[in-house]
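Numbering of ligands and ligand atoms starts at 1, following listing order.
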Amino acid sequence: MRTDTLYVSVAIDLALDRLFTYSVPVEITEKLRVGQLLRVPFHGRVARGFALALTQETPDFRTKPVLSIEDEAPFFSPELLRLVRWIAIYTHSPIETVLRAALPAAVLKPGAKAKELLYVEPVDRCGGHPAGSSHPLTTYQQKLLAEIHRVGGGWMQQLVREFKTTPATLRCLAEKGFLSIAPRVARRDPLAGRNVLPTRPLQLNDLQASALSIILDGMLKEPGSLQSPASAVLSRPVLLHGVTGSGKTEIYLQAIARMLDEGKGAIVLVPEIALTPQTVRRFAGRFGDRVAVLHSALSDGERYDEWHRIRTGAARVVVGPRSAVFAPVANLGLIVVDEEHDPSYKQDETPRYHARDVAVVRARMEGARVVLGSATPSLESWLNAKSGKYALASVPARVAGRALPTVRLVNMEDEMAKTGHLPIYSSLLLDAIHDRLERGEQTILFLNRRGYSRIVECAACGWVAECPDCSVPYTYHRADHCLRCHVCGGWRHVPSACPDCKGTDFSYTGIGTQRAEAALQRCFPQARILRMDADSTARKFSHDDILSVFRAGKADVLLGTQMIAKGLDFPNVTLVGVLNADVSLHRPDPRASERTYQLLAQVSGRAGRAEKPGEVYIQTFAPEAPAIAAAASDKGFAAFAAMELADRRNAYLPPYCRMATLVFRATDEKQVRTWAELYAKSLADWADKYNSRTGSAGLFRVSEAAEAPLAKAEGWFRYQIVVRAPATKDIVAAVKWLEEARPIPKDMRLAFDVDALNLA
Ligand code: ADP
Ligand code: ZN
Ligand code: ZN
């Protein structure tokens with residue numbers, strides 16, 4: 001039945017997988033919009049929730065009225081709500097969890113608001129001259145007033161500091177009518193105090209210029225013509241494949257500048273780890289105040305202000321990690337996903353969205369262009385470019401004719417035969433470091449681990465100290481001589497004797513950054529070594545501090561984990577050493593080879609970025625492994641991708657299928673196994689029906705239920721099922737049916753990941 005009454009469906013700010021319908025009182029009907037935050041009655045209290053849809057259809061149950069509109073400016077545009085709905089369906093997640101992921105928590109915190117400070121302004125009195133007034137002023141006051149007139153006003157705190165006066169003095173001048181003092185919104189600027197120098201566009205080389213024209217193709221207004229509406233052709237994504245040091249960032253900057261000229265906004269996604277002030281400075285240097293930064297290290301206040309600057313349109317360029325894909329940029333022209341292959345774009349909790357995929361969908365919905373940039377694209381994006389679904393823009397050479405580094409493999413098997421033990425540094429690498437120290441050039445050493453030594457093993461019987469709650473070995477930390485679990489954070493002291501054989505001789509095998517640092521210092525006592533890993537960068541900007549020291553040439557060697565692999569641009573680095581290339585190769589994961597290649601190519605790309613040529617040494621036990629051999633060959637990414645894609649096609653793995661995981665958790669191992677097996681059996685039945693119905697020759701495949709690679713975490717046993725199918729929606733349909741037909745017990749957990757990036 002239709003009436004004049006308006007109804008609104010509301011997502012209450014709770015993790016309930018359903019919407020609630022309220023009637024809209026006539027007084028607020030005019031003002032109500034979807035995307036607004038409302039106050040509604042909910043189980044005898046007042047709750048907040050987002051208006052998702054309006055209807056005049058009368059529901060067949062009794063409704064309560066909306067109490068009020070909390071904020072008239074919508075938090076979500078209709079376009080963003082569409083995107084949120086798409087994610088909820090695609091990832092099979094409650095819509096509230098998507099809404100929450102799309103909005104910084106700081107914005108919704110009760111009491112969150114703009115910060116106001118007292119602002120002092122001179123009052124213009126007959127030409128601004130205080131003399132001759134009915135209030136005689138002291139010489140001091142006159143001088144102070146003249147100064148304030150000169151600077152034109154300022155924040156009270158600032159003036160007090162600058163002119164060595166007191167708030168009382170200023171208030172006194174205000175009472176006499178010479179000054180006005182009033183609260184004003186003060187921006188909490190995350191870049192305050194970091195000197196950002198303005199930069200000008202560089203002259204693009206031919207390769208960059210043609211990549212830029214592919215990116216802008218069809219996006220700019222023709223002179224003299226009306227803007228054409230967004231069409232399917234307009235929104236074809238562009239894969240920007242540019243080798244390391246090819247000047248991709250400059251291309252992004254110039255594409256964004258053109259969008260701003262057109263009155264459009266832009267979002268730049270960067271991997272969290274690469275979101276250093278160095279990266280932010282490159283954007284702020286070009287676009288100044290028009291840039292908003294969303295960074296996990298921001299304070300709540302900074303985040304609140306940045307988000308509101310985006311919503312009001314004060315900021316038109318947003319730089320941030322994966323969640324910035326939801327930034328409320330109006331009239332969006334461009335989304336850049338830098339290092340698009342980076343796994344940090346995937347959220348590993350509900351909603352398990354991939355920001356790159358969300359960027360592609362958002363751009364399509366809003367008629368914007370999306371650019372996926374990388375030196376080592378994901379095979380998903382590469383295949384899309386090869387098939388013509390994406391446009392491909394290639395920048396195959398470094399800027400200014402600089403050469404890519406020469407890459408050498410060092411077989412550690414040989415090193416071991418030569419020396420009789422396994423050294424951390426091969427003699428080849430040591431010689432190369434020695435050369436750099438002599439020449440005053442810099443070295444980056446990459447190690448994919450942390451901690452002083454990795455594990456503690458009984459030298460007599462081989463017992464390994466493991467966390468009892470998680471199925472991983474403890475990591476030994478030298479600083480406090482204790483064992484830490486990197487899954488649950490638990491710790492214990494090193495045992496005095498082996499619990500199995502009572503032996504007291506422990507070996508501390510494996511290499512950690514601290515041990516690698518100590519060993520290098522022994523070889524080169526004079527070398528100035530900087531170490532960067534999760535331990536050394538716990539503080540807010542210490543990441544940046546370490547990098548500035550290195551950039552300023554105050555250190556010879558930078559030794560670190562993944563955080564030094566990407567994005568860094570140091571002109572004086574001519575040597576990169578990878579201490580243990582194989583670490584990421586032996587993971588039980590279909591993408592292990594791809595990840596290894598990406599990591600090696602990215603870290604190699606840090607060498608020789610300026611005039612001096614670069615050299616890379618990769619220490620490995622597996623020089624024939626395709627990913628490692630390819631990283632050292634000059635055939636480049638395309639050759640590796642062709643080889644790896646052929647393997648994936650043969651094995652029916654992504655990107656030739658969709659791969660989802662179901663991970664079951666319970667504290668009772670028998671229970672979790674029973675349920676995982678039940679689900680696996682039911683899914684296999686579903687697969688049989690699907691395959692015979694579609695005649696698809698077994699394209700819907702279900703693994704056995706098995707212990708997950710991480711078999712136990714925080715006391716929970718974990719079992720896993722892997723499902724492959726031609727389309728995600730087929731997998732979602734199967735899982736939805738099963739969840740309804742066979743709901744798992746309350747004391748168990750099921751995590752469903754539609755596009756699982758790794759098996760864990
Ligand atoms: P990428 O992101 O592709 O690794 P960058 O954007 O970091 O490369 O560029 C590498 C270096 O080259 C930077 O120092 C950058 O300022 C410089 N650069 C980029 N484009 C040009 C150009 N057209 N002319 C001169 N230098 C450039
Ligand atoms: Zn643990
Ligand atoms: Zn033992």
Side-chain angles (χ1 to χ4, degrees), residues 196-216 238-258 266 268-271 273-287 317 319 334 336-342 371-377 381 392-405 407 442 444 446 544 547-548 550-553 563-574 576 598-614 616 631 636-638:
V196 176
L197 299 175
T199 64
R200 298 177 56 79
L202 299 170
Q203 178 72 42
L204 296 185
N205 63 38
D206 290 350
L207 292 170
Q208 287 174 307
S210 74
L212 180 63
S213 73
I214 293 174
I215 291 168
L216 294 175
V238 176
L239 177 63
L240 174 60
H241 175 224
V243 296
T244 55
S246 59
K248 293 186 286 296
T249 309
E250 186 62 32
I251 301 175
Y252 304 148
L253 290 168
Q254 299 201 15
I256 294 166
R258 299 295 291 274
V268 182
L269 303 183
V270 295
I273 224 167
L275 193 53
T276 60
Q278 190 194 357
T279 309
V280 173
R281 250 184 239 130
R282 292 181 79 173
F283 290 89
R286 194 67 56 88
F287 303 116
V317 180
V319 181
L334 182 71
V336 171
V337 185
D338 190 27
E339 311 284 7
E340 67 90 31
H341 63 277
D342 195 275
V371 177
L372 312 177
S374 178
T376 55
S381 299
L392 180 63
S394 294
V395 190
R398 286 187 163 179
V399 295
R402 287 166 203 159
L404 282 161
V407 183
Q442 290 175 302
I444 288 182
F446 174 76
D544 193 37
L547 296 180
S548 327
F550 194 58
R551 172 177 298 279
M563 14 184 109
I564 62 171
K566 34 188 97 128
L568 303 181
D569 188 15
F570 299 111
N572 200 32
V573 172
T574 60
V576 164
Q598 283 163 353
L599 202 57
L600 294 178
Q602 295 288 340
V603 72
S604 302
R606 303 308 114 214
R609 293 172 66 87
E611 290 75 27
K612 295 174 222 160
V616 180
F637 172 78

Participant: If only atom types and distance count, is the side chain of Arg609 paired as donor or acceptor with the main-chain N or O of Gly605 below 3.5 Å?
Facilitator: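 A pair under 3.5 Å: yes.
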Participant: Does Arg551 reach the main-chain N or O of Pro571 with its side chain, forming a donor-acceptor pair under 3.5 Å?
Facilitator: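 A pair under 3.5 Å: no.
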Participant: Can you list the ligand 1 atoms lying under 4.0 Å from a non-hydrogen atom of Leu204?
Facilitator: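 Taking each heavy atom of Leu204 in turn, ligand 1 has 23 (N) under 4.0 Å.
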Participant: Is ligand 1 less than 4.0 angstrom away from at least one heavy atom of Gly242?
Facilitator: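 Distance cut 4.0 Å: Gly242 fails for ligand 1.
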Participant: Using a strict 4.0 Å cut-off to heavy atoms of Gln203, name the atoms of ligand 1 that fall inside it.
Facilitator: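 This gives 22 (C), 23 (N), 24 (N) as the contact atoms.
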Participant: Can you find a heavy atom in the side chain of Arg398 that is under 4.5 Å from one in the side chain of Leu404?
Facilitator: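 Contact flag for Arg398/Leu404 side chains = yes.
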Participant: Answer with yes or no whether Arg398 contacts ligand 1, where contact means a heavy atom under 4.0 Å from a ligand atom.
Facilitator: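 No, Arg398 has no heavy atoms under 4.0 Å from ligand 1.
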Participant: Which atoms of ligand 1 sit under 4.0 Å from any heavy atom of Thr244?
Facilitator: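 In order of numbering, the contacting atoms are 4 (O).
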Participant: State if Ala400 counts as touching ligand 1 under the rule of any non-hydrogen atom under 4.0 Å.
Facilitator: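 Judged by the 4.0 Å heavy-atom criterion, Ala400 does not count as contacting ligand 1.
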Participant: Side chain or backbone of Thr249 under 4.0 Å from ligand 1, or both, or neither, by non-hydrogen atoms?
Facilitator: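 Under 4.0 Å from ligand 1, Thr249 contributes backbone and side-chain atoms.
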Participant: Going by heavy atoms in the side chains, are Thr249 and Phe283 under 4.5 Å from each other?
Facilitator: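 Thr249 vs Phe283: side chains touch.
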Participant: Are any non-hydrogen side-chain atoms of Glu340 and Leu269 less than 4.5 angstrom apart?
Facilitator: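 They are not in side-chain contact.
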Participant: If I apply the N/O under 3.5 Å rule, does Gly245 come out as touching ligand 1?
Facilitator: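 There is such a contact, yes.
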Participant: Between Val243 and ligand 1, find which residue part has any heavy-atom pair under 4.0 Å and reply side chain, backbone, both or neither.
Facilitator: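 Near ligand 1, Val243 shows its backbone, while the atoms from C-beta on stay back.
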Participant: Is any N or O atom of Leu202, backbone or side chain, closer than 3.5 Å to an N or O atom of ligand 1?
Facilitator: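 Between Leu202 and ligand 1 (N or O atoms, distance only) the closest approach is not under 3.5 Å.
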Participant: Hey, is Arg606 touching ligand 1 through its side chain, its backbone, both or neither, going by heavy atoms under 4.0 Å?
Facilitator: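 It is neither; nothing of Arg606 touches ligand 1.
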Participant: Once you round to the nearest 0.5 Å, how far does CD1 of Ile215 lie from CD1 of Ile251?
Facilitator: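 If we round to the nearest 0.5 Å, Ile215:CD1 and Ile251:CD1 are 6.0 Å apart.
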Participant: Among Glu250, Arg282, Gln602, which residue places a heavy atom closest to atom 15 (C) of ligand 1?
Facilitator: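 The residue whose heavy atom sits nearest atom 15 (C) of ligand 1 is Arg282.
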Participant: So, Lys248 and Glu339, do they make that salt bridge, N to O below 4.0 Å?
Facilitator: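 Salt bridge between Lys248 and Glu339, a charged N being under 4.0 Å from a carboxylate O: no.
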Participant: About how many Å separate CD1 of Ile444 and OG1 of Thr574, when rounded to the nearest 0.5 Å?
Facilitator: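 Rounded to the nearest 0.5 Å, the OG1-CD1 separation comes to 10.0 Å.
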